[in-house]
Amino acid sequence: MTTHFMVKNAYDVFQINLLAMEAEETMECIQEFPEHYKVILDRLNEQREQDQFTDITLIVDGMYALYCGVLFPLLLFLPGHHFKAHKAVLAACSQFFYKFFQDFTQEPLVEIEGTDWCVSNMAFRHLIEFTYTAKLMVQGEEEANDVWKAAEYLQMLEAIKALEIR
(Lines give C-alpha, C1' and ligand atoms only; values in the text may rest on other atoms or scores of the structure.)
Protein backbone atom coordinates (compact mmCIF):
# COMPACT_ATOMS: atom_id res chain seq x y z
CA MET A 1 0.00 0.00 0.00
CA THR A 2 1.48 3.35 -1.02
CA THR A 3 0.68 6.50 0.92
CA HIS A 4 0.94 9.85 -0.79
CA PHE A 5 1.55 13.07 1.12
CA MET A 6 0.98 16.63 0.04
CA VAL A 7 3.88 18.72 1.34
CA LYS A 8 2.82 22.24 2.34
CA ASN A 9 5.56 23.40 4.67
CA ALA A 10 8.63 22.40 6.70
CA TYR A 11 6.44 20.83 9.40
CA ASP A 12 4.97 18.48 6.78
CA VAL A 13 8.49 17.48 5.69
CA PHE A 14 9.37 16.81 9.35
CA GLN A 15 6.24 14.63 9.76
CA ILE A 16 7.02 12.68 6.60
CA ASN A 17 10.60 12.06 7.79
CA LEU A 18 9.30 10.98 11.19
CA LEU A 19 6.92 8.48 9.55
CA ALA A 20 9.75 7.15 7.37
CA MET A 21 11.99 6.66 10.43
CA GLU A 22 9.21 4.83 12.27
CA ALA A 23 8.72 2.59 9.25
CA GLU A 24 12.45 1.79 9.19
CA GLU A 25 12.37 0.92 12.91
CA THR A 26 9.49 -1.46 12.25
CA MET A 27 11.40 -3.06 9.37
CA GLU A 28 14.42 -3.73 11.61
CA CYS A 29 12.38 -6.32 13.48
CA ILE A 30 12.42 -8.52 10.39
CA GLN A 31 15.25 -11.03 10.59
CA GLU A 32 16.81 -13.17 7.93
CA PHE A 33 17.64 -16.80 8.69
CA PRO A 34 20.34 -18.02 6.26
CA GLU A 35 20.32 -21.50 7.79
CA HIS A 36 16.76 -21.87 6.47
CA TYR A 37 18.17 -22.22 2.94
CA LYS A 38 20.41 -25.06 4.04
CA VAL A 39 17.56 -26.87 5.78
CA ILE A 40 15.42 -26.66 2.65
CA LEU A 41 18.26 -27.80 0.40
CA ASP A 42 19.05 -30.69 2.77
CA ARG A 43 15.41 -31.80 2.76
CA LEU A 44 15.17 -31.60 -1.02
CA ASN A 45 18.31 -33.72 -1.28
CA GLU A 46 16.87 -36.28 1.16
CA GLN A 47 13.68 -36.38 -0.90
CA ARG A 48 15.71 -36.88 -4.07
CA GLU A 49 17.74 -39.69 -2.52
CA GLN A 50 14.54 -41.39 -1.29
CA ASP A 51 12.78 -40.76 -4.62
CA GLN A 52 10.11 -38.64 -2.93
CA PHE A 53 8.33 -36.00 -5.01
CA THR A 54 10.89 -36.29 -7.82
CA ASP A 55 9.22 -35.47 -11.10
CA ILE A 56 11.95 -36.16 -13.65
CA THR A 57 14.37 -39.00 -14.37
CA LEU A 58 17.31 -38.17 -16.60
CA ILE A 59 18.79 -41.21 -18.30
CA VAL A 60 22.47 -40.94 -19.02
CA ASP A 61 23.69 -43.74 -21.27
CA GLY A 62 27.20 -44.93 -21.89
CA MET A 63 30.39 -43.20 -20.91
CA TYR A 64 29.10 -39.78 -21.87
CA ALA A 65 25.91 -38.55 -20.35
CA LEU A 66 24.50 -35.38 -21.73
CA TYR A 67 25.17 -34.60 -25.34
CA CYS A 68 25.25 -31.33 -27.22
CA GLY A 69 22.36 -32.45 -29.41
CA VAL A 70 18.63 -32.30 -28.91
CA LEU A 71 16.82 -33.75 -25.89
CA PHE A 72 14.25 -36.39 -26.71
CA PRO A 73 11.41 -37.62 -24.47
CA LEU A 74 11.53 -41.36 -23.97
CA LEU A 75 8.52 -43.58 -23.47
CA LEU A 76 10.36 -46.76 -22.49
CA PHE A 77 12.59 -47.48 -19.54
CA LEU A 78 16.10 -47.85 -20.94
CA PRO A 79 19.32 -49.11 -19.37
CA GLY A 80 21.87 -46.52 -18.33
CA HIS A 81 22.57 -44.20 -15.45
CA HIS A 82 19.38 -42.75 -13.98
CA PHE A 83 19.31 -39.43 -12.16
CA LYS A 84 16.10 -38.63 -10.28
CA ALA A 85 15.50 -34.98 -9.58
CA HIS A 86 12.97 -32.20 -9.11
CA LYS A 87 12.42 -30.14 -12.25
CA ALA A 88 12.06 -26.95 -10.20
CA VAL A 89 15.45 -27.49 -8.53
CA LEU A 90 17.19 -28.23 -11.84
CA ALA A 91 15.57 -25.21 -13.47
CA ALA A 92 16.60 -22.98 -10.58
CA CYS A 93 20.24 -24.01 -10.94
CA SER A 94 20.58 -24.30 -14.72
CA GLN A 95 19.49 -22.01 -17.52
CA PHE A 96 19.71 -25.04 -19.80
CA PHE A 97 17.10 -26.96 -17.80
CA TYR A 98 15.04 -23.82 -17.20
CA LYS A 99 14.64 -23.31 -20.94
CA PHE A 100 14.13 -27.01 -21.60
CA PHE A 101 11.40 -27.46 -18.98
CA GLN A 102 9.48 -24.45 -20.29
CA ASP A 103 8.86 -26.38 -23.51
CA PHE A 104 9.02 -29.94 -22.22
CA THR A 105 6.03 -31.05 -20.18
CA GLN A 106 5.30 -34.54 -21.47
CA GLU A 107 7.24 -37.39 -19.89
CA PRO A 108 8.83 -37.77 -16.47
CA LEU A 109 11.55 -39.87 -18.12
CA VAL A 110 14.05 -38.20 -20.43
CA GLU A 111 16.95 -39.64 -22.35
CA ILE A 112 19.56 -37.16 -23.34
CA GLU A 113 21.32 -37.98 -26.59
CA GLY A 114 22.99 -36.39 -29.56
CA THR A 115 26.13 -36.56 -31.64
CA ASP A 116 29.03 -34.85 -29.84
CA TRP A 117 29.40 -35.40 -26.10
CA CYS A 118 29.46 -32.45 -23.73
CA VAL A 119 28.72 -33.90 -20.30
CA SER A 120 30.12 -37.13 -18.90
CA ASN A 121 28.28 -39.33 -16.39
CA MET A 122 30.86 -38.39 -13.77
CA ALA A 123 30.50 -34.66 -14.43
CA PHE A 124 26.70 -34.86 -14.33
CA ARG A 125 26.84 -36.78 -11.06
CA HIS A 126 29.05 -34.06 -9.54
CA LEU A 127 26.76 -31.32 -10.80
CA ILE A 128 23.55 -32.94 -9.53
CA GLU A 129 25.20 -33.41 -6.13
CA PHE A 130 26.28 -29.75 -6.18
CA THR A 131 22.76 -28.72 -7.12
CA TYR A 132 21.33 -30.35 -4.00
CA THR A 133 24.18 -30.01 -1.50
CA ALA A 134 26.18 -26.91 -2.55
CA LYS A 135 29.27 -29.15 -2.32
CA LEU A 136 31.55 -29.76 -5.26
CA MET A 137 34.26 -32.36 -4.69
CA VAL A 138 36.36 -32.97 -7.76
CA GLN A 139 39.73 -34.68 -7.85
CA GLY A 140 42.41 -33.59 -10.27
CA GLU A 141 42.56 -31.19 -13.18
CA GLU A 142 41.06 -33.58 -15.72
CA GLU A 143 37.98 -34.17 -13.59
CA ALA A 144 37.69 -30.45 -12.81
CA ASN A 145 37.88 -29.64 -16.54
CA ASP A 146 35.24 -32.23 -17.33
CA VAL A 147 32.89 -30.79 -14.69
CA TRP A 148 33.66 -27.25 -15.88
CA LYS A 149 32.76 -28.16 -19.47
CA ALA A 150 29.50 -29.72 -18.30
CA ALA A 151 28.64 -26.75 -16.08
CA GLU A 152 29.24 -24.37 -18.97
CA TYR A 153 27.07 -26.42 -21.31
CA LEU A 154 24.27 -26.68 -18.73
CA GLN A 155 24.69 -22.99 -17.87
CA MET A 156 25.14 -23.70 -14.16
CA LEU A 157 26.68 -20.40 -13.12
CA GLU A 158 27.03 -21.19 -9.42
CA ALA A 159 28.92 -24.40 -10.19
CA ILE A 160 31.21 -22.46 -12.52
CA LYS A 161 31.88 -19.94 -9.73
CA ALA A 162 32.65 -22.80 -7.32
CA LEU A 163 35.11 -24.27 -9.82
CA GLU A 164 36.80 -20.88 -10.26
CA ILE A 165 37.39 -20.63 -6.50
CA ARG A 166 38.85 -24.12 -6.40
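Side-chain contact of N45 with T133: a donor-acceptor pair under 3.5 Å is absent, judged by distance alone.
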side-chain contact (heavy atoms from CB on, under 4.5 Å), that's the test. Do E46 and Q52 meet it? Break it down for me. CA-CA 8 Å; E46 287 171 14; Q52 294 179 322; over 6 Å; no

May I have the step-by-step check of side-chain contact (heavy atoms from CB on, under 4.5 Å) for H86 and I56, ending in yes or no? CA-CA 6 Å; H86 305 91; I56 192 79; over 6 Å; no

Audit row: W148, E164, side-chain contact (heavy atoms from CB on, under 4.5 Å) steps and yes/no: CA-CA 9 Å; W148 178 285; E164 287 174 349; 3.4 Å; yes

Evaluate side-chain contact (heavy atoms from CB on, under 4.5 Å) for F53 paired with L44, printing each intermediate quantity in order. CA-CA 9 Å; F53 313 115; L44 284 167; over 6 Å; no

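Looking only at side-chain heavy atoms (C-beta outward), I128 and L90 come within less than 4.5 Å of each other. F97 is not listed as a side-chain neighbour of K87, based on a closest heavy-atom distance of 4.5 Å or more. Using a 4.5 Å cut-off on side-chain heavy atoms (C-beta onward), E158 and T131 make no contact. Using a 4.5 Å heavy-atom cutoff, the side chains of M156 and F96 are not in contact.
In the hydrophobic clustering of ILVMFWY residues, with side-chain heavy atoms under 4.5 Å counting as a link, I160 and L127 come out together. In the hydrophobic clustering of ILVMFWY residues, with side-chain heavy atoms under 4.5 Å counting as a link, V39 and F33 come out apart. In terms of hydrophobic clustering, with Ile, Leu, Val, Met, Phe, Trp and Tyr side chains grouped at heavy-atom distances under 4.5 Å, L157 and V89 are assigned to a common cluster.
Looking at every heavy atom in both residues, T57 comes nearest to H82 through CG2-CD2, 3.7 Å. Between M137 and E143, the shortest heavy-atom contact is O-OE2, 4.0 Å. Contact between Y98 and A91 at its shortest, heavy atoms only, is CB-O, 3.6 Å.
The environment of CD in E142 is sparse: at most 12 heavy-atom neighbours from other residues, nucleotides or ligands sit within 6.0 Å. Environment of CD in Q139: sparse, with no more than 12 heavy atoms of neighbouring residues, nucleotides or ligands closer than 6.0 Å.
Using a 30° and 60° split on the angle between ring planes, F124 and F83 fall in the perpendicular class, above 60°.
Of the possible donor and acceptor atoms, none in the side chain of T54 sits under 3.5 Å from a partner among the backbone N and O of K84.
For the pair D42 and K38, the salt-bridge criterion is met [side-chain N within less than 4.0 Å of a carboxylate O].
Applying the salt bridge (charged side-chain N to carboxylate O under 4.0 Å, His left out) test to pairs two or more places apart or on separate chains, those with a residue in residues 120-141 are R48-E129, E141-R166.
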